[in-house]
**Student:** 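Before I ask anything, let me first share the structure, which is written out below as structure tokens.
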Number of protein chains: 2
Amino acid sequence: MDRALSIGALARHSGATPPTIRYYEQIGLLRRPDRRDGGHRVYGEADLKRLTFIRRCRDFGFPIEQVRDLVSVIEDADRSCTEVRDLARDQLASVRARMTELRELEASLGLLVADCEARCAGGPGPDCVILEDLAAPGRCCAG
Amino acid sequence: MDRALSIGALARHSGATPPTIRYYEQIGLLRRPDRRDGGHRVYGEADLKRLTFIRRCRDFGFPIEQVRDLVSVIEDADRSCTEVRDLARDQLASVRARMTELRELEASLGLLVADCEARCAGGPGPDCVILEDLAAPGRCCAG
DNA sequence: CATAAGAGTTAAAGCTACTTGAGCTTCAAG
DNA sequence: CTTGAAGCTCAAGTAGCTTTAACTCTTATG
């Protein structure tokens with residue numbers, strides 16, 4: 001049932017790379033696994049599950065230290081699942097804030113490109129209106 | 001016209017911090033300014049304009065090395081404004097890709113939070129269905 | 001004119017989350 | 001038994017600054 005996994009196999013199944021796995025071990029996010037005679041790491045299903053959880057949290061954008069918290073919630077019977085919800089809520093809020101920033105950025109960049117098309121086709125650097133606009137504080141490229 | 005600016009004044013006007021300005025100088029993104037007798041840096045309007053341009057590019061998400069390119073476009077009469085447009089286009093594409101990722105992330109996190117609300121109110125860590133879901137590969141928390 | 005606060009100076013280390021490289025060993029297949 | 005892939009360790013590198021330590025300079029006030 002609990003087939004042995006090499007670090008490479010664990011990597012394939014979890015979506016992490018072997019160096020990343022060693023790094024997680026180094027920072028104490030993964031336990032130190034058993035070793036074979038030659039020194040190679042041996043993992044089991046529990047490790048795969050743990051690492052998958054970690055990777056999913058990371059994909060969710062949780063920073064490592066928060067992942068550490070989340071992992072400890074799993075292990076610790078005294079702590080509540082609502083902690084996860086609260087962490088996820090915070091994370092959701094910051095994702096939304098970041099998206100708002102990116103939307104503004106997208107709009108500005110879109111204008112920049114459009115202006116380049118319209119006003120600067122092939123013109124030389126120093127005379128380009130766009131570049132002047134970029135250097136002017138407090139307003140966007142669409143003057 | 002070209003009033004002298006201290007590094008702090010330059011920082012206030014550009015939105016950068018003094019350490020960041022020194023850092024830009026160190027990596028050759030800003031010229032080395034004149035110094036007063038005591039060694040303090042003295043800047044002029046040209047520096048403010050340049051730094052503002054750099055900060056705006058950074059706000060646009062351009063990496064430093066691309067900003068270096070953009071700056072050289074401004075200075076170099078032989079290079080075309082279309083280069084700026086092309087760089088901005090690439091940048092726009094990667095901003096959009098990032099937004100797509102974030103939208104998926106937002107949806108998943110929203111589901112996670114909602115599930116926590118619905119199914120796990122106050123439940124203990126090890127028994128929580130949500131946490132099991134997070135550890136299960138290949139599917140989202142809404143099983 | 002003295003002094004104290006605040007702003008400036010340097011070089012070096014720290015940060016996140018890994019990735020890359022060097023140099024070597026072990027394992028699995030043929 | 002050979003060979004090539006995969007594993008090992010330790011150290012350094014990455015981006016883009018920020019922070020720290022230990023000083024020095026400028027400026028406003030008494």
Side-chain angles (χ1 to χ4, degrees), chain A residues 3-30 32-44 47 50-71 91 94-95 98 101 105, chain B residues 3-30 32-44 47 51-71 90-91 94-95 98 101 105:
Chain A
R3 72 214 145 100
L5 296 166
S6 67
I7 195 172
L10 181 65
R12 275 187 297 279
H13 285 92
S14 67
T17 65
T20 300
I21 293 170
R22 292 189 198 103
Y23 168 73
Y24 285 166
E25 177 185 331
Q26 189 191 315
I27 64 170
L29 205 51
L30 288 176
R32 269 184 265 176
D34 295 339
R35 303 291 186 122
R36 288 206 267 183
D37 288 352
H40 288 198
R41 290 167 175 82
V42 186
Y43 297 96
D47 298 301
R50 160 75 68 99
L51 179 54
T52 303
F53 176 79
I54 292 169
R55 283 314 305 177
R56 283 183 59 78
C57 289
R58 294 290 300 121
D59 288 345
F60 272 118
F62 291 100
I64 289 279
E65 288 313 305
Q66 254 181 36
V67 176
R68 215 187 281 275
D69 287 352
L70 286 164
V71 165
Q91 188 56 25
S94 73
V95 163
R98 182 79 188 118
E101 284 173 22
L105 186 51
Chain B
R3 72 215 146 104
L5 296 165
S6 68
I7 195 170
L10 182 63
R12 275 186 297 279
H13 285 92
S14 66
T17 65
T20 300
I21 293 170
R22 293 189 197 102
Y23 168 72
Y24 285 166
E25 178 185 330
Q26 190 190 317
I27 64 171
L29 206 50
L30 288 176
R32 270 185 263 175
D34 294 339
R35 304 290 186 122
R36 288 208 266 183
D37 288 352
H40 288 197
R41 290 167 176 81
V42 186
Y43 297 95
D47 299 301
L51 179 55
T52 303
F53 176 79
I54 291 169
R55 284 314 307 177
R56 283 184 59 79
C57 289
R58 295 287 303 121
D59 288 345
F60 271 119
F62 290 99
I64 290 278
E65 287 314 307
Q66 255 181 36
V67 176
R68 216 187 279 277
D69 287 352
L70 287 164
V71 165
D90 291 351
Q91 188 57 24
S94 73
V95 164
R98 182 82 189 115
E101 284 173 23
L105 186 51

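Protein chains get the first letters and strands the later ones, always in sequence-line order, with residue 1 at the start of each. The analysis underlying the following values was restricted to heavy atoms, covering all of them including side chains, and did not include hydrogens, waters or symmetry mates. All figures in this text were calculated on a predicted structure; none of them were measured in a lab.
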**Student:** Of all residues at least two apart in sequence or in a different chain, which pass the side-chain contact (heavy atoms from CB on, under 4.5 Å) check with B/R36?
**Tutor:** B/H40, B/V42
**Student:** Taking atom CG of B/L29 and atom CD1 of B/I64, what is their separation to the nearest 0.5 Å?
**Tutor:** 5.5 Å
**Student:** Could you give the CZ-to-C1' distance, from B/R35 to C/dG8, as a whole number of Å?
**Tutor:** 10 Å
**Student:** Got A/R58 and A/Y24 here, is their nearest side-chain heavy-atom distance under 4.5 Å?
**Tutor:** yes
**Student:** Just jot down the side-chain hydrogen bond (donor to acceptor under 3.5 Å, both in side chains) partners of B/Q26, sequence neighbours excluded, or say none.
**Tutor:** none
**Student:** Taking atom CZ of B/R32 as the centre, does the number of heavy atoms from other residues, nucleotides or ligands within less than 6.0 Å exceed 12?
**Tutor:** no
**Student:** Nearest 0.5 Å, please: how far is CD1 in A/I7 from CD in A/E25?
**Tutor:** 7.5 Å
**Student:** Please examine the side chains of B/Y43 and B/H13, heavy atoms only from C-beta on, and report whether any two atoms are closer than 4.5 Å.
**Tutor:** no
**Student:** Output the rounded distance in Å from CD1 (B/I21) to C1' (C/dT9).
**Tutor:** 14 Å
**Student:** To the nearest angstrom, how far is B/L5 atom CG from C/dA7 atom C1'?
**Tutor:** 15 Å
**Student:** In whole angstrom, give the distance that lies between atom CZ of B/R22 and atom P of C/dA13.
**Tutor:** 18 Å
**Student:** Given salt bridge (charged side-chain N to carboxylate O under 4.0 Å, His left out), test B/R68 with B/E65 step by step and report yes or no.
**Tutor:** CA-CA 5 Å; B/R68 216 187 279 277; B/E65 287 314 307; 3.0 Å; yes
**Student:** Below 3.5 Å is the cut-off: list the nitrogen or oxygen pairs between protein and nucleotides 14-17 of chain C, distance only.
**Tutor:**
unit_1 : atom_1 : unit_2 : atom_2 : d
C/dA17 : OP2    : A/I64  : N      : 3.3

**Student:** Is any side-chain N of the basic residue among A/E101 and A/R98 closer than 4.0 Å to the acidic one's carboxylate O?
**Tutor:** yes
**Student:** Going by the rule side-chain hydrogen bond (donor to acceptor under 3.5 Å, both in side chains), which residues pair with A/S6 if we only count those two or more places apart in sequence or in a different chain?
**Tutor:** none
**Student:** Tell me whether the side-chain N/O atoms of B/S6 come closer than 4.0 Å to OP1 or OP2 in C/dG8.
**Tutor:** yes
**Student:** Can B/I54 and B/V71 be said to form a side chain to side chain contact (heavy atoms under 4.5 Å, CB included), step by step?
**Tutor:** CA-CA 8 Å; B/I54 291 169; B/V71 165; 4.1 Å; yes
**Student:** Go along nucleotides 24-30 of chain C 5' to 3' and tag each nucleotide: B for a protein heavy atom under 4.0 Å from its base, S when only backbone or sugar atoms are that close, - otherwise.
**Tutor:** --SSS--
**Student:** Anything under 4.0 Å to a heavy atom of chain B counts; send over the first and last such nucleotide of DNA chain D, read 5' to 3'.
**Tutor:** D/dG16 to D/dT27
